[in-house]
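We count residues from 1, following the sequence as given.
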Amino acid sequence: MAPHRNGNLSEVPLQEFVLEGFEGGLQTQALLFALFLALYVVAVLGNLAMMVVITLDARLHSPMYFFLKNLSFVDLCYSSVIAPKALVNFLSSSKLITFEGCATQFFFFSMMGTTETLLLAMMAYDRFVAICSPLRYPISMRPSVCARLVLGCYCGGCFNSGVQTILTFSLPFCSSNHIDHFFCDVIPLLQLTCASTAVNELALFGLCGLIIVGTTLVVLTSYGYITVTILRMHSGGGRHKLFSTCGSHMTAVSLFYGTLFVMYAQPGAVASMEQGKVVSVFYTLVIPMLNPLIYSLRNKDVKDALRRLGQRHTAT
């Protein structure tokens, strides 16, 4: 890659990028390494535990927990796309990633993020049918329907990710090869191109905005009907149980959708990369770590399943 006199790169196809990550000396990088490692380990263990418990406990073989198991799988993949490379870079002076590696990381990051957004909306719809139309629930949410809904989430994730990846990595990167981030994300990549990014920004704000706004409407509509239905119940115990279950999901939705909206669904996001790095840590590592805790600590069925699994293990 031949540099210009001003230090920028000429219009030669890039073979690699430099992930600049966070500023700071060796001590700061070591602290960040420890923080990322702790978040990642807890996220992996928590999501694996949720998947194992739901798989092994027959009482959790219902549509709600089928969606939750897929959410844990997506969270596990989501954090694993980002954290290992970031951990290596904290201890490395080069911080290099190949062009192909960057494109691959970008594709799977975008795919998992979109899939989780759609999956959270499907989980809200599942609760809507279960609470507002309980007699139709066994038919409306039978296993084949649930499988198609989850497959649709993954397909939607692949479609959005494919569009974003093709549009982004077909651009000429000639401004620099230094990505002002700790992973390959669309906004810092667009800042490196010397071509017009109007189409890319339209696709970013259009597709991501449509997905986030559309799924948010599904969630809000579902929980609007759910709230009205719960408030009409005469049983205080049943009302408390339903509010507890739905509260876990609403907490997860609020955290995830809120951070995504800050980053991708409003035009001002492009201009604030330092803030964006902190927000990115939140939705790539903190939320995947918190989701298993949110759904296990506030869910009596999951806590009972964990207790039964522990007793079974102790007995053997």
Side-chain angles (χ1 to χ4, degrees), residues 17 19-24 29 31-48 50-51 70-91 95 97 101-120 153-154 157-158 160-161 164-165 168 179-190 204 208 211-212 215 251-266 269-270 272-295:
F17 292 100
L19 293 169
E20 292 190 348
F22 294 90
E23 296 179 355
Q29 299 301 311
L31 288 173
L32 287 169
F33 175 85
L35 174 63
F36 271 57
L37 181 62
L39 292 173
Y40 182 54
V41 168
V42 174
V44 169
L45 294 177
N47 285 292
L48 280 176
M50 288 294 291
M51 293 167 64
N70 277 276
L71 179 67
S72 293
F73 173 74
V74 170
D75 275 337
L76 179 63
C77 296
Y78 198 31
S79 56
S80 296
V81 168
I82 305 300
K85 183 61 179 175
L87 290 170
V88 170
N89 285 347
F90 286 134
L91 303 179
K95 305 183 187 299
I97 185 171
C102 188
T104 302
Q105 185 187 61
F106 177 85
F107 175 83
F108 283 105
F109 159 74
S110 179
M111 174 188 168
M112 292 303 165
T114 306
T115 301
E116 179 154 348
T117 305
L118 297 171
L119 195 55
L120 288 169
C153 293
Y154 285 106
C158 282
N160 180 54
S161 180
Q164 301 292 348
T165 304
T168 301
I179 299 175
D180 187 17
H181 217 313
F182 62 92
F183 66 96
C184 294
D185 197 7
V186 61
I187 296 172
L189 281 166
L190 292 181
L204 173 65
C208 293
I211 291 169
I212 294 172
T215 51
T251 303
V253 167
S254 300
L255 290 172
F256 189 74
Y257 279 40
T259 52
L260 286 187
F261 185 84
V262 169
M263 281 298 294
Y264 302 110
Q266 40 96 20
V270 177
S272 55
M273 282 315 304
E274 287 307 313
Q275 178 190 1
K277 291 178 189 178
V278 177
V279 176
S280 296
V281 173
F282 200 76
Y283 68 77
T284 57
L285 284 172
V286 176
I287 290 177
M289 178 204 70
L290 289 177
N291 277 345
L293 299 176
I294 292 171
Y295 283 104

Close side-chain approach of Phe17 to Leu189, heavy-atom, < 4.5 Å: yes

Gln29 (side chain) donor-acceptor with Phe22 (main chain) under 3.5 angstrom: yes

Between Pro292 and Asn47 the two heavy atoms that sit nearest each other are CG-OD1, 3.4 Å

Looking only at heavy atoms, what is the nearest atom pair of Ala43 and Leu285, with distance? CB-O, 4.5 Å

Are Ile294 and Leu255 packed together at the side-chain level, in the sense that at least one heavy-atom pair is separated by less than 4.5 angstrom? yes

How long is the gap from CZ on Phe256 to CD on Glu116, to the nearest 0.5 Å? 4.0 Å

Of the non-hydrogen atoms in Pro288 and Thr284, which two are nearest, and what is the gap between them? CG-O, 3.4 Å

CD1 of Ile211 to OH of Tyr257: how many Å apart, nearest 0.5 Å? 10.0 Å

Supply the atom-to-atom distance Thr114 OG1 to Ile212 CD1, rounded to the nearest 0.5 angstrom. 8.5 Å

Taking all heavy atoms of His181 and all of Pro188, pick out the closest pair and write down the distance. CD2-CG, 3.7 Å

After noting the C-alpha distance and the side-chain angles of Leu204 and Ile187, does the key distance pass the side chain to side chain contact (heavy atoms under 4.5 Å, CB included) rule? CA-CA 9 Å; Leu204 173 65; Ile187 296 172; 4.3 Å; yes

Interatomic distance, CG@Leu32 vs CG@Leu91, rounded to 0.5 Å, equals 11.0 Å

Check the side chains of Thr115 and Tyr78 for a donor-acceptor pair under 3.5 angstrom, ignoring hydrogens and angles. no

Taking side chain to side chain donor-acceptor pair (under 3.5 Å) as the definition, give me every residue that meets it alongside Asn70, ordered by chain and number, with sequence neighbours left out. Tyr154

Do Thr215 and Leu120 come within less than 4.5 Å of each other through their side chains, counting heavy atoms only? no

What's the spacing between Met112 CE and Cys158 SG if we round to 0.5 Å? 8.0 Å

Between Phe108 and Cys77, is any pair of side-chain heavy atoms under 4.5 Å apart? no

Are any of the side-chain heavy atoms of Ile82 and Tyr40 separated by less than 4.5 Å? no

Are the side chains of Cys184 and Ile97 in contact, using a 4.5 Å heavy-atom criterion? yes

With Leu76 as partner, the option from Leu71, Leu45, Leu48 fulfilling side-chain contact (heavy atoms from CB on, under 4.5 Å) is Leu48

For Lys95 and Glu20, indicate whether the former's side chain and the latter's backbone hold a donor-acceptor pair under 3.5 Å. no

Using the test side chain to side chain donor-acceptor pair (under 3.5 Å), find all partners of Ser161 that sit at least two apart in sequence or belong to another chain. none

Could you please spell out the steps behind the side chain to side chain contact (heavy atoms under 4.5 Å, CB included) verdict for Val81 and Phe183? CA-CA 9 Å; Val81 168; Phe183 66 96; over 6 Å; no

Tightest non-hydrogen contact, residues Ala103 and Thr165, listed as O-CG2, 4.1 Å

Work out which heavy atom in Asn160 is nearest to a heavy atom in Cys208; give both atom names and the distance. ND2-SG, 4.3 Å

Hey, does Lys85 have a side-chain heavy atom less than 4.5 Å from the side chain of Leu19? yes

